[in-house]
Amino acid sequence: KHAFPEGTPRAIQVEFKCEGRTCRLTVSDNGRGKPIGKEPGFGSRMILTLVDQLNGALTETANGGTAVSVEFSLAGR
């Protein structure tokens, strides 16, 4: 509801890849973009908690939409 202005085409892409024991989950959209570094809302805090539990790394980009990637290792799981 926040990403897309009323009446604009909407696209959301979810991608999950593993190479060896390293996996990456990326969710991206073609919306208006998210200000990087802005105080996180409830959803962002939930994602950060999950990333922390996975001992993973989070990357966000906002260029013609927003993309959030979480990379984590399957080692020891």
Side-chain angles (χ1 to χ4, degrees):
K1 90 180 186 188
H2 301 294
F4 303 101
E6 191 64 35
T8 59
R10 301 169 182 206
I12 298 173
Q13 182 176 348
V14 178
E15 186 176 282
F16 185 77
K17 290 183 179 179
C18 292
E19 291 184 17
R21 303 212 32 99
T22 301
C23 296
R24 176 181 295 221
L25 172 66
T26 302
V27 179
S28 58
D29 66 44
N30 67 337
R32 66 180 93 191
K34 172 184 178 273
I36 303 299
K38 184 182 176 202
E39 182 67 28
F42 178 72
S44 295
R45 288 193 309 268
M46 284 179 43
I47 292 168
L48 291 171
T49 299
L50 173 63
V51 171
D52 186 51
Q53 290 174 354
L54 292 170
N55 294 318
L58 180 116
T59 305
E60 291 181 302
T61 57
N63 186 12
T66 299
V68 177
S69 294
V70 177
E71 188 170 304
F72 58 95
S73 174
L74 296 176
R77 298 206 181 278

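Note that the structure is a prediction, hence the values are computed from the model and not measured. Count residues from 1 along the sequence.
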side-chain hydrogen bond (donor to acceptor under 3.5 Å, both in side chains) against Glu71, all qualifying residues, sequence neighbours excluded
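In terms of side-chain hydrogen bond (donor to acceptor under 3.5 Å, both in side chains), with neighbours along the sequence ignored, Glu71 is linked to Arg24.
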Tell me, please, which residues at least two apart from Thr26 pass side-chain hydrogen bond (donor to acceptor under 3.5 Å, both in side chains).
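Result, side-chain hydrogen bond (donor to acceptor under 3.5 Å, both in side chains) vs Thr26: Ser69.
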Strictly distance-based, threshold 3.5 Å: is any side-chain N or O of Thr66 a donor or acceptor partner for the main-chain N or O of Ala62?
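Looks like no, no N/O pair under 3.5 Å.
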Where the side chain of Asn30 meets the backbone of Ala11, is there a donor-acceptor pair that is under 3.5 Å apart?
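Side chain of Asn30 to backbone of Ala11, a donor-acceptor pair under 3.5 Å: yes, one is there.
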Please report the interatomic distance CD(Glu19) to NZ(Lys17), rounded to the nearest 0.5 Å.
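Separation between the atoms: 7.5 Å.
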Starting at OG1 of Thr22, measure out to CZ of Phe72 and round the result to the nearest 0.5 Å.
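Separation between the atoms: 9.5 Å.
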side-chain contact (heavy atoms from CB on, under 4.5 Å) partners for Cys18, two or more places apart
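Partners of Cys18 by the side-chain contact (heavy atoms from CB on, under 4.5 Å) criterion, ordered by chain and then number, come out as Phe16, Cys23.
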Could you list the residues that satisfy side-chain contact (heavy atoms from CB on, under 4.5 Å) with Leu58, not counting sequence neighbours?
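Checked Leu58 against side-chain contact (heavy atoms from CB on, under 4.5 Å); matches are Ile47, Leu48, Val51, Glu60, Val68, Val70.
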Val27, Met46: one ILVMFWY side-chain cluster at the under-4.5 Å cut-off?
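Val27 does not cluster with Met46.
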